[in-house]
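Shown next, in structure tokens, is the structure this report addresses.
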Amino acid sequence: MAQREKPQPPPSQPRPQPSQPPPPPPPSKPRPQPSKPPPPPPSQPRPQPSQPPPPPPSKPRPQPSQPPLPPPPSQPPPSQPPPQTSQPPPPPPPSQPQPQPSQPPPPPPSQLRPQPSQPPPLPSQPQLRLLKPLREPPEPPRLPPQHFQLPSTPSLDKELQELTQPDPSNRTSVGDSPADLQTLAHDVIRGDFGQVRRLATRQLVTSADADRRTVLMLVDDASETPMHTEKCILYLFELGANPKAADANGDTAAHLAARRDHLRLLMLLSFDAKWLRNDNGATPLMEAARTGSWKCAKHLLHLLRQDRFNECEKHGNSKRSELLELKDREGRTASDLARLSGHSELASYIEREMRLVVDAHGDISGLTAQEEADRQELERLAEAGDSAGLRRAATRGICDLPDRFGRTALMWAAQNSSCGDEALWEQLVQLGDPTCANILAESFLHRAAVAGNSAAASALLAAGASANARDKWESTPLMVAAEFAPRDTAAAVGRVLLNSQADWSLKDTDGRTALDLATQEGNSELAKLLRGYNGKIYFDEPLALPPVGHLFLERWDAVRLIGRGGFGEVHEVRTDTGVTCAAKTLRLPVQLGDDLPSMSTEIHRAVESERNLCRLRHPNIVRFLHIARPEPAAVVVFMELLDGRSLERFIDNTPLDELTIREFSQQICRALLYLHSRQPPVIHRDINCSNIIVRADNTRIKLIDFGLSIKLEQSVSHISASTQSPKGTLNFMAPELLGAGESDSVQYSRESDIWAFGCSVFQMTSGARPFSKCSNPWAVPELLKKSGAPALPDGRSAELRDFYSRCTAKDRRRRRSAQELLGHEFLTGGKLKTRLLSSLFGAGN
Ligand SMILES: Nc1ncnc2c1ncn2[C@@H]1O[C@H](COP(=O)(O)OP(=O)(O)OP(=O)(O)O)[C@@H](O)[C@H]1O
């Protein structure tokens with residue numbers, strides 16, 4: 001119900017609520033790569049007898065004219081022992097004795113970490129151990145091909161036993177400050193490193209509450225964790241948090257993370273904390289399978305493609321297949337559990353992974369001819385930089401298919417700077433595993449850093465990739481950016497990584513930091529940036545981009561009034577940290593005699609429940625930056641500033657052509673699919689043509705507003721929640737919300753969003769809102785009850801008519817879901833139907 005502008009005085013400039021940080025601004029886009037000099041000699045060639053003569057170095061400098069991913073690692077002839085390197089000795093075994101509360105107090109954190117000037121010590125953090133081989137066998141002899149599938153041996157049995165059986169001593173003792181534990185977990189979830197640094201102690205991070213839940217387990221309660229969480233979690237490990245601790249049910253942090261599809265936390269746990277069995281004999285993979293947690297399941301499955309974890313030179317495929325085929329106490333494997341729980345697509349995915357074989361040289365095989373063809377097609381599109389083709393062809397089932405070296409199409413895309421558009425990456429990280437790495441542990445993020453592909457790097461980091469992941473040479477994405485990225489993009493991608501908590505002080509196996517590498521390679525801009533961190537200790541520094549500080553410190557100023565709605569106005573604002581964005585101020589209708597304290601609590605609740613809007617990341621949804629409550633009855637929603645006009649204005653009472661309707665409908669449907677398939681689902685509640693912005697290019701649209709005003713008004717309503725009257729735009733409201741046919745208790749739902757979307761299709765098709773000719777808006781419910789949604793004007797295609805009728809079925813159970821609509825002939829033109837149905841954002845199985 002957009003009303004139009006009248007000049008207004010700027011809004012007051014209140015102090016923000018200090019406790020609510022907004023996220024960082026979007027990163028800058030990458031620039032094209034220049035050609036680079038040839039790579040330095042390899043520091044750690046990998047033997048590969050099947051490929052004489054030895055190919056070039058295993059860590060080449062990327063050449064734009066060459067295939068983007070490094071060639072397979074080289075191997076000397078079988079008779080030669082593998083080359084020795086000057087690496088530091090292998091890390092200690094991964095067990096992590098749990099500190100006892102009675103131990104003497106630990107040194108302050110700054111002493112726990114190595115000083116940059118000291119010789120390169122072994123990393124002390126569990127998260128670093130995760131990124132190293134569990135054990136580096138002293139150059140094992142090469143195995144003949146017939147040993148690729150080794151039978152289970154007593155030593156492997158013992159190793160698996162150790163890896164999967166929880167040690168009773170891991171059960172943590174009950175601490176005496178559960179409230180502090182909760183507070184600490186809350187600060188970690190918010191990514192407030194300053195608070196975590198102040199509150200966390202070795203005693204606290206190694207204790208547990210009455211249910212034996214540690215702070216890591218409490219962090220699992222978050223529905224999501226922002227990027228800033230990473231440094232907080234690393235700090236917990238620094239202080240001795242035990243990733244293998246089990247709660248009263250034998251669940252570890254990995255089980256809980258897997259159950260909630262909490263990729264970021266699972267990613268940061270050490271490998272040996274990811275295969276323990278709980279009291280039901282279930283591993284985290286089984287938990288992910290049972291709960292349909294795709295991201296965590298993929299992460300666990302793909303880890304075993306890396307030779308450092310499956311130790312293929314020692315065990316061939318045996319360790320990997322035994323871990324994948326583990327059974328719980330009732331004899332069910334992960335794939336059984338997925339199938340039994342109705343996640344058949346995930347079950348098939350797990351079965352395919354079990355079918356793959358990693359041989360003693362680390363080569364992966366076992367794809368069917370069709371899978372290999374799909375993989376090659378995606379690789380071709382990624383290499384060609386065909387973002388549109390990649391978006392169409394990539395599905396959850398095929399985008400992580402590995403070639404023999406564990407490389408996937410997404411890796412090719414990550415390191416092709418032509419695949420640098422945000423929309424592509426927003427989609428790819430939803431479909432694929434953002435933590436996936438090849439057999440040498442080079443992750444997507446490493447490849448994006450090598451290419452200076454900031455868009456890919458940002459999306460991967462936001463989706464759960466770690467800025468401190470390490471490859472076989474212990475190189476982090478920051479190091480490979482410093483060493484290999486084109487000079488004109490290295491600093492940009494370096495900044496993205498540093499803003500995402502990359503640790504600048506880490507060293508590779510040759511003892512070089514990112515600064516050493518940038519200096520050595522003449523990457524002067526990145527070197528300059530890194531010199532700013534030189535000598536600084538990682539955990540002594542605040543976050544590079546604090547979650548709150550960069551949007552505003554104290555105030556914002558209105559630059560211009562953009563428009564006014566039912567509850568307040570939208571301004572373009574500039575904050576005191578220089579950010580320009582849109583701010584919608586909602587003033588709530590407080591009445592004399594209102595119970596102010598309870599109203600305030602209700603508003604607080606409503607605002608808190610809407611904070612998850614700030615986590616939404618979709619190319620067709622406005623980016624919410626922050627929600628502040630400067631006054632008891634005023635809420636300010638900060639959003640990205642959009643350049644465009646509302647769809648209402650774009651239509652301007654003139655019907656649109658079908659191609660445009662199809663293009664816009666497709667984008668709205670994608671946004672709805674993204675919202676409706678989140679856990680818990682996000683319901684827009686107020687879809688209508690004035691809450692859809694058509695960007696200035698007239699081809700892209702974004703959803704805005706999200707019925708926050710509706711929610712807030714309900715919070716101050718005096719009517720009880722179950723009988724609240726609906727507050728949306730009347731012409732777009734579903735019959736069930738208007739009480740036409742169902743009980744008063746019906747709430748906004750996915751189906752009411754679909755109805756409202758159908759009404760937008762009506763307006764695009766006819767030029768006018770549904771029932772616009774009805775002079776009495778309150779007669780709309782009666783009209784709806786009698787004859788349902790209004791008919792489309794003549795002259796439109798049968799596909800469009802059918803599409804509209806599927807959105808506006810009077811019985812909400814017969815309305816199609818966003819996923820089904822994306823497969824409708826009107827949107828696919830009949831061509832893409834099958835693919836779209838099985839892809840995109842993974843709504844259910
Ligand atoms: N992020 C944004 N960037 C640019 N313009 C915006 C943004 N958000 C809203 N607008 C514009 O601001 C104006 C007012 O928006 P507002 O959402 O307040 O209107 P409304 O839909 O009538 O409100 P309400 O639903 O609260 O009654 C509209 O013209 C809208 O297009």
Side-chain angles (χ1 to χ4, degrees), residues 67-69 72 148-149 285 288-289 292 294-295 297-307 310 312 316-317 320-321 323-325 333-336 338-339 343-359 361-384 386 389-414 416 419 427-440 442-444 447 823 831-842 845:
L69 283 172
F148 285 176
Q149 286 268 10
L285 177 61
W294 270 90
K295 286 179 191 301
K298 278 191 167 188
H299 168 75
L300 292 164
L301 293 168
H302 298 161
L303 272 186
L304 292 170
R305 294 177 184 172
Q306 296 177 33
D307 68 1
N310 61 36
C312 54
N317 199 50
R320 188 177 162 275
S321 59
L323 282 175
L324 295 182
E325 286 166 26
T333 62
S335 74
D336 295 339
R339 212 169 281 289
H343 307 298
S344 53
E345 190 192 338
L346 180 55
S348 307
Y349 193 92
I350 296 171
E351 281 151 19
R352 186 186 65 211
E353 203 67 25
M354 288 161 76
R355 178 160 40 81
L356 298 183
V357 173
V358 182
D359 71 22
H361 306 309
D363 284 5
I364 300 176
S365 59
L367 293 186
T368 63
Q370 181 58 51
E371 286 162 355
E372 180 57 22
D374 287 342
R375 191 197 67 70
Q376 283 182 13
E377 171 61 4
L378 289 185
E379 182 181 313
R380 188 189 65 73
L381 292 165
E383 271 196 283
D386 183 351
L390 208 47
R391 286 187 70 179
R392 273 196 302 274
T395 67
R396 188 165 61 178
I398 66 172
C399 65
D400 296 310
L401 287 172
D403 71 0
R404 56 189 282 227
F405 305 111
R407 300 174 300 193
T408 70
L410 267 55
M411 282 180 203
W412 296 88
N416 184 350
C419 292
Q427 180 177 334
L428 292 184
V429 297
Q430 293 289 334
L431 297 173
D433 168 14
T435 66
C436 192
N438 65 18
I439 56 174
L440 301 177
E442 290 172 304
S443 64
F444 291 164
R447 304 318 306 169
K831 281 182 227 139
L832 304 171
K833 197 172 186 174
T834 341
R835 261 223 158 113
L836 277 163
L837 271 175
S838 61
S839 70
L840 291 173
F841 309 121
N845 280 290

Inset, instruction - Let me see the working for Leu410 and Cys436 under side chain to side chain contact (heavy atoms under 4.5 Å, CB included), right down to the final yes or no. - result: CA-CA 9 Å; Leu410 267 55; Cys436 192; over 6 Å; no
Pairing residues for [X] by the side chain to side chain contact (heavy atoms under 4.5 Å, CB included) criterion, not counting sequence neighbours:
| X | answer |
| --- | --- |
| Glu371 | Arg352, Arg355, Leu367, Thr368, Leu401 |
| Ala288 | Ala258, Ser293, Cys296, Ala297 |
| Ala437 | Gln306, Ser443 |

What heavy-atom pair brings [X] and [Y] nearest, and what distance separates the two atoms?
| X | Y | result |
| --- | --- | --- |
| Ala289 | Ala334 | CB-O, 3.2 Å |
| Ser335 | Ala347 | O-CB, 3.6 Å |
| Gly406 | Met411 | O-CE, 3.6 Å |
| Ala382 | Ala413 | CB-N, 3.6 Å |
| Arg339 | Ser344 | NH1-CB, 3.9 Å |

Taking atom [atom1] of [X] and atom [atom2] of [Y], what is their separation to the nearest 0.5 Å?
| X | Y | atom1 | atom2 | value |
| --- | --- | --- | --- | --- |
| Glu353 | Ile364 | CD | CD1 | 8.0 Å |
| Leu378 | Trp412 | CG | CH2 | 13.0 Å |
| Cys419 | Leu428 | SG | CG | 8.0 Å |
| Leu356 | Arg305 | CG | CZ | 6.0 Å |
| His299 | Leu285 | NE2 | CG | 11.0 Å |
| Met354 | Asn317 | CE | CG | 11.0 Å |

Could you check whether any side-chain heavy atom of [X] comes within less than 4.5 Å of a side-chain heavy atom of [Y], counting everything from C-beta outward?
| X | Y | value |
| --- | --- | --- |
| Trp294 | Glu345 | yes |
| Gln427 | Leu390 | no |
| Ile350 | Leu301 | yes |

Legend entry - Single hit among Asp359, Val358, Asp363 for side chain to side chain contact (heavy atoms under 4.5 Å, CB included) with Arg404: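 Option passing the side chain to side chain contact (heavy atoms under 4.5 Å, CB included) with Arg404: Asp363.
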Legend entry - Working for side chain to side chain contact (heavy atoms under 4.5 Å, CB included), residues Tyr349 and Arg396: CA-CA 9 Å; Tyr349 193 92; Arg396 188 165 61 178; over 6 Å; no
Inset, instruction - Could I get the full list of salt bridge (Lys or Arg N to Asp or Glu O under 4.0 Å) partners for Lys298, not counting sequence neighbours? - result: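 For Lys298, the residues satisfying salt bridge (Lys or Arg N to Asp or Glu O under 4.0 Å) (neighbours in sequence not counted) are Asp400.
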Legend entry - For Glu325, all residues meeting salt bridge (Lys or Arg N to Asp or Glu O under 4.0 Å), sequence neighbours excluded: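 Once residues adjacent in sequence are excluded, Glu325 has no partner under the salt bridge (Lys or Arg N to Asp or Glu O under 4.0 Å) criterion.
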Legend entry - salt bridge (Lys or Arg N to Asp or Glu O under 4.0 Å) assessment of Glu383 paired with Arg380: CA-CA 5 Å; Glu383 271 196 283; Arg380 188 189 65 73; over 6 Å; no
Inset, instruction - Would you confirm whether Asn310, through its side chain, and Arg320, through its main-chain N or O, come within 3.5 Å as a donor-acceptor pair? - result: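 No; judged by distance alone, with no hydrogens or angles, the pair does not exist.
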Legend entry - Under 3.5 Å: donor-acceptor pair, side chain of Asp307, backbone of Cys312: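 A pair under 3.5 Å: no.
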Legend entry - Lys/Arg-Asp/Glu bridge criterion (N-O < 4.0 Å) met for Glu372, Arg375: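 Yes, charged N to carboxylate O under 4.0 Å.
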Legend entry - Non-neighbouring partners of Asp336 that pass side-chain hydrogen bond (donor to acceptor under 3.5 Å, both in side chains), sequence neighbours left out: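 side-chain hydrogen bond (donor to acceptor under 3.5 Å, both in side chains) list for Asp336, sorted by chain: Thr333.
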